[in-house]
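Keep in mind the model is a prediction, meaning the values are calculated, not measured. No hydrogens, no waters, no symmetry mates; every other heavy atom, side chains included, goes into these values.
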Amino acid sequence: MTLREQLELRAGALATIRRFFAAREVLEVETPALSTAAATDPMLESLSCELDSPPGRHYLQTSPEHAMKRLLAAGSGDIFQVARVYRGGELGRWHQPEFTLLEWYRIGFDEFDLMAEVHELLALLLADPTGNLPRLDLRFADAFESAFGVDALYLDAGAHARLVEALESR
């Protein structure tokens, strides 16, 4: 595939995502990429920079989650964002420190509503007109254990690192 074809494929996927959410009246938002606080998730390493104005250390977002949840709390309703995010410690065969992340929130949706919506979006993005895209209606922990033979809810940092290493070496 040529570079141009790859760029067109990505642009098409982004357009499909935007049409998908627009048809469902989910509002696209854009939140700040810089914050005065690092990510609260201990498994994520925030990248930082020093600024002159406003002075001090600032952190690049590892996810737009916090800012988007603030919008939800303020009454935004259903929202989505295609965001550039940044994470330290992510460099590897499958990871780069900067990447694009799709995040969305739906008021009143339970996990099964969200699974159905993810399935619909993936079917569109993968151009599955037959509707044969497989779907598992499982809790995360059950799907994780089925795929990897490990209970994700009791996976300590060492076991997690070993699992990731084993999967990356495949």
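One hydrophobic cluster, built from ILVMFWY side chains closer than 4.5 Å, cannot hold both L72 and L102; they sit in different ones. Linking Ile, Leu, Val, Met, Phe, Trp and Tyr whenever their side-chain heavy atoms come within less than 4.5 Å puts I17 and F109 in one cluster. One hydrophobic cluster, built from ILVMFWY side chains closer than 4.5 Å, cannot hold both V164 and Y154; they sit in different ones. Under the 4.5 Å side-chain contact rule for hydrophobic residues, Y105 and V29 share a cluster. Hydrophobic clustering places W104 together with L122 (ILVMFWY residues linked when any side-chain heavy atoms are closer than 4.5 Å, directly or through intermediates).
Side-chain heavy-atom separations under 4.5 angstrom define the hydrophobic clusters, and the remaining members of the one that includes M115 are F112. Under a 4.5 Å side-chain heavy-atom criterion applied to ILVMFWY residues, the cluster that includes L9 comprises M1 as well. Apart from L34 itself, the hydrophobic cluster it occupies contains L47, L51, L60, Y86, where clustering links Ile, Leu, Val, Met, Phe, Trp and Tyr at side-chain heavy-atom distances under 4.5 Å. In the hydrophobic clustering (ILVMFWY side chains linked at under 4.5 Å, chained through shared members), L167 is joined by F140, F144, F148, V150, L155, L163.
Not counting sequence neighbours, the partners of L3 by the side chain to side chain contact (heavy atoms under 4.5 Å, CB included) test are Q6, L7. Under the rule for a side chain to side chain donor-acceptor pair (under 3.5 Å), the partners of E28 that lie at least two apart in sequence or sit in another chain are R18. Under the side chain to side chain donor-acceptor pair (under 3.5 Å) criterion, R4 pairs with E8, not counting sequence neighbours. A search for side chain to side chain donor-acceptor pair (under 3.5 Å) contacts involving H160 returns nothing, not counting sequence neighbours. With sequence neighbours excluded, no residue satisfies side chain to side chain donor-acceptor pair (under 3.5 Å) with E111.
Contact record, E103 with M68: O-CE, 3.5 Å, taken as the closest heavy-atom pair. For the pair A39 and S46, the tightest heavy-atom approach, listed with the atom from each and the gap, is N-OG, 3.0 Å. Heavy-atom minimum distance, R93 versus E168: NH1-O, 3.1 Å. Between Q61 and P64 the shortest heavy-atom distance is OE1-CA, 3.3 Å. The nearest pair of heavy atoms linking A123 to L133 is N-CD2, 3.6 Å.
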Side chains of residues 75-85: which donor-acceptor pairs under 3.5 Å do they make with residues two or more places apart or in other chains?
unit_1: S76; atom_1: OG; unit_2: L71; atom_2: O; d: 3.2
unit_1: D78; atom_1: OD1; unit_2: I107; atom_2: N; d: 2.6
unit_1: D78; atom_1: OD2; unit_2: R106; atom_2: NH1; d: 2.8
unit_1: Q81; atom_1: OE1; unit_2: T31; atom_2: N; d: 3.0
unit_1: Q81; atom_1: OE1; unit_2: T31; atom_2: OG1; d: 3.3
unit_1: Q81; atom_1: NE2; unit_2: T31; atom_2: OG1; d: 3.0
unit_1: R84; atom_1: NE; unit_2: E98; atom_2: OE2; d: 3.3
unit_1: R84; atom_1: NH1; unit_2: T100; atom_2: OG1; d: 2.4
unit_1: R84; atom_1: NH2; unit_2: E98; atom_2: OE2; d: 3.2

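Judged by distance alone, with hydrogens and angles left aside, the side-chain atoms of T62 form no donor-acceptor pair with the main-chain N or O of R87 at under 3.5 Å. Listed for the T16 side chain is a donor-acceptor partner under 3.5 Å among the backbone atoms of G12.
Rounding to the nearest 0.5 Å gives a distance of 12.0 Å between CG of L125 and CD of E120.
For CZ of R57, the number of neighbouring non-hydrogen atoms (other residues, nucleotides, ligands) closer than 6.0 Å is greater than 12. In this structure, E5 places its CD atom where more than 12 heavy-atom neighbours from other residues, nucleotides or ligands lie under 6.0 Å away.
The shortest side-chain heavy-atom distance between V26 and F20 does not fall under the 4.5 Å cut-off.
Within the structure, salt bridge (Lys or Arg N to Asp or Glu O under 4.0 Å) contacts touching residues 149-166 (residues at least two apart or in different chains) do not occur. Evaluation of the ring pair (Phe, Tyr, Trp, His ring centres under 6.0 Å) test over residues 24-74, restricted to residues two or more places apart or in two chains, returns none.
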